[in-house]
Amino acid sequence: MKKRRMLSLLLSLGMVLSLFASPFSALAVEVEEQPLAETMEEVSVEEPVSPEQTDAEPVAEEPEEAAEVETVEIAEAAAEETVSAEAALAEANGEVYVLMNIPYADFYAGEGVEGVDAVTTATVKTFNQNMAGGSYHDGYITEDAKSGKILGVTYPVYVADTALLEGLKAVAVNDTATITVAAGKSALTTKEVSGADLLFASGDYAYMLLDEVPANFKTMTVEDGKFVFSAVEKKAETKTITEAELTYGGHYTDLTLSVDAPEFTSDSVVTAILLTAGEETYAFRHVEDVWRKTELGWNWDKLDGKGLAGKTITNITYYLKDGGVYSYDVNVPVKQHADGEISAVFAASYAVRLSGLPADIQNPVVTVATKVGRGETPVVIADNAKLYGTTAVTDKAVPGTVYNITVNSDNYATLTTSAQCLALGGTAVTLSKSSFTYNGKAQSPAVTVQAGETALTEGTDYVVRYMNNVMAGTASAVVIGVGDWSGVVVQSYKINAVALKAAGVTLNKTSLVYTGKALTPAVTVKNGSTVLKNGSDYTVKFSGNTKVGTAKVTVTGKGNYSGTITKTFTIVPKGTTLKKVTAGSKQFTAAWKKQATQTTGYQIQYATNKGFTKNVKTVTVKGNAKTSAVVKSLKAKTTYYVRVRTYQTVRGKNYYAPWSAVKNVKTK
């Protein structure tokens, strides 16, 4: 008990002494201003965006030299009201919940983020209760009324012993005062406020007693003579946001993160925001880091923005002035940030040349559009155009017009610059050849550039880039002026497709046996010794390839090949089997298996030798229902070799099946 009493007395003494230094300064800790070079957070900001005023533009400036300051005039509260605040504290006599001004460093330290400093601005936005709602400032302005310092946030706090609050500035619910606030981009005015709104201009650790236990709060203790604040207790359940988008190169900021957070209302007052990426956590502050509720924006030089490059944002936590906490899990990758700046020049009306791009940039594309004022529609002359080296070909630009140029890529955030289009010179560009025939290689005609009587020199006065000069179609020679010459001239020429030749189309089979299904022999197409690919170099179409007869295959060139070649093949009926041959007197009887499908009749062939080269004769049997026939008028006691086949007549032409196996017989 004695230790606590002694600690309270020491705190009270320190606070009383500090009151003589400044009526709004911190009483238990020192707030030390740091130069811009020593702290990333304490920088100048011209026009940050407010939740209600989305048109305001935050533009970073170098801070001016510190000017002498004058205190904000705050009307003294009535004596009885001051007594009322003190009486309320005395009556509490123990643990209390208060709404307290907590310095950024103290607030975020409890959440595990160190080194978060106050915000010094070069605008009166410090005093804008709409823009800086949920924060409090130092109560000072410079003589030109254009700068101040935001010290921290206002948030519910649990205090276990009211003795810790002795000597701190207390605000009662019925207290009123006139404070200085922002009236516009650069003007200040005064207005009368009461209760908790007084904390906005009341300095570090000022507080107001709360009648109810807040849903979320920090706990204040004292360590080594300084106030310490715990992490927020009773945090809300983490939610997962499926819609979160990070865009680059905005009108006001380098990065803008938009999330879908339906729990927020239009009058929510955000006091603090934590953003987690990888193992790093970044603390947001008023004015310095653009706040629009669930839409966050910052520049690469804010919040150690470069430290976010290549990481993935995994969580955003919002702390509200009423103690509410909303934590959202997200999955938003952040691209790399390029050091330095890019620049561009118009080589002529049809091309823009870039420099300063990162060496490892992947798949860059360029967009070029007229630079216009707010509310005007730009004219786009290149939309995600591919880079050829460092040059992008555009639609015709207007000489003398300034264009915005943006570069997007797979691995770097949007890069931006601007350039003015230069006028074209009057040169004549001719090509050595206006057409080629496709050969699978790049084909590039020689270029001649003539300016009046003067022939320009390639490499010194211009360079040539060829486009689409391998495949059949229209190719281009892009002539770009260099050195003393500017301008771009595009000359087109043709690469003709190769005509297919009949000799280059072959079938693996020219005769196939009827199966009842569509028959498709393999097709090979060659251009000289080069075997072409079906589908990319040519297409194949079959016709009449199901029944017995003559079928067609049509080969049509495609892409780099042209022309149509037609080849034919035959489909013959199924064959039959010679079952037996029976000898007779100067005759024999042949019997075979019936084959009625796609068959008109049968043929019997016999000879006096196995090779069917001697005394060969053929007998035709019409009708597919017959299965035997007698062959007469033969020589007696002579051996004959016999075979049989089917045939089908189509449009007056006979199509024959293969011969059956051979049998022999000796006549009587």
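Since the structure is predicted, the reported quantities are computational estimates derived from the model, not experimental observations. In what follows, residues are counted from 1 in the order of the sequence shown.
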Item checked: Result of checking Val665, Asn664, Thr582 against Phe588 for side-chain contact (heavy atoms from CB on, under 4.5 Å) -> Val665
Margin query: Given Val366, which partner from the list Asn384, Thr390, Leu387 fulfils the side-chain contact (heavy atoms from CB on, under 4.5 Å) test?
Written below: Leu387
Is a side-chain donor or acceptor of [X] paired with a backbone partner of [Y] at a separation under 3.5 angstrom?
X      : Y      : answer
Trp592 : Ile604 : no
Asn609 : Lys614 : yes
Asn404 : Ala369 : no
Glu376 : Gly373 : yes
Thr460 : Glu458 : no
Thr314 : Asn331 : no
Thr638 : Ala636 : yes
Gln443 : Thr437 : yes
Thr370 : Val372 : no
Asn315 : Tyr328 : yes

Is there a side-chain contact between [X] and [Y], using heavy atoms and a 4.5 Å cut-off?
X      : Y      : value
Gln605 : Val616 : yes
Ile361 : Ser409 : yes
Thr256 : Ser258 : yes
Val555 : Val523 : yes
Val662 : Leu578 : no
Pro445 : Tyr493 : yes
Phe569 : Lys509 : no
Tyr248 : Asp254 : no

For [X] and [Y], test the side chains for any donor-to-acceptor distance below 3.5 angstrom and give the result as yes or no.
X      : Y      : result
Gln595 : Thr646 : no
Ser444 : Asn469 : yes
Tyr606 : Asn615 : no
Asn654 : Thr649 : yes
Thr414 : Asn408 : yes
Thr474 : Lys494 : yes
Thr539 : Asn534 : no
Gln648 : Thr600 : yes

Check: Tyr412 and Leu357: side-chain contact (heavy atoms from CB on, under 4.5 Å), yes or no, with the steps?
Finding: CA-CA 10 Å; Tyr412 277 94; Leu357 292 174; over 6 Å; no
Say you draw a straight line from [atom1] of [X] to [atom2] of [Y]; how long is it, rounded to the nearest 0.5 Å?
X      : Y      : atom1 : atom2 : answer
Thr448 : Leu456 : OG1   : CG    : 10.0 Å
Ile313 : Glu280 : CD1   : CD    : 13.0 Å
Thr550 : Lys653 : OG1   : NZ    : 4.5 Å
Tyr538 : Leu500 : OH    : CG    : 9.5 Å
Leu532 : Lys558 : CG    : NZ    : 13.0 Å
Thr276 : Lys311 : OG1   : NZ    : 11.0 Å

Can you give me the closest heavy-atom contact between [X] and [Y], atom names plus distance?
X      : Y      : result
Ala583 : Thr667 : CB-CA, 4.4 Å
Val470 : Ala442 : CG2-CA, 3.7 Å
Phe542 : Leu519 : CD2-O, 4.3 Å
Ser355 : Ser343 : OG-OG, 2.6 Å
Gly559 : Ala472 : O-CB, 3.9 Å
Ala596 : Asn624 : O-ND2, 3.1 Å

Check: With under 30° as parallel and over 60° as perpendicular, where do the rings of Tyr561 and Tyr438 fit, or are they tilted in between?
Finding: perpendicular
Margin query: Test side-chain contact (heavy atoms from CB on, under 4.5 Å) on Val525 and Asp537; report intermediate values, then the result.
Written below: CA-CA 9 Å; Val525 182; Asp537 297 325; over 6 Å; no
Check: So Ile480 and Arg465, side-chain contact (heavy atoms from CB on, under 4.5 Å) or not? Walk me through it.
Finding: CA-CA 8 Å; Ile480 306 170; Arg465 300 288 184 265; 4.2 Å; yes
Notebook entry, point to check: Does Arg645 make a cation-pi contact with Tyr656 (under 6.0 Å, within 45 degrees of the axis)?
Noted result: yes
Margin query: Other residues, nucleotides and ligands only: do more than 12 of their heavy atoms fall within 6.0 Å of NZ on Lys567?
Written below: yes
Next item on the list: Please indicate whether Lys335 has more than 12 foreign heavy atoms, meaning atoms of other residues, nucleotides or ligands, lying under 6.0 Å from its NZ.
Entry: yes
Next item on the list: Would you please indicate if the ring centroids of Tyr647 and Tyr602 are separated by under 6.0 Å?
Entry: no
Checklist line | Trace of the side-chain contact (heavy atoms from CB on, under 4.5 Å) decision for Leu257 with Val332 | finding: CA-CA 9 Å; Leu257 177 63; Val332 182; 4.1 Å; yes
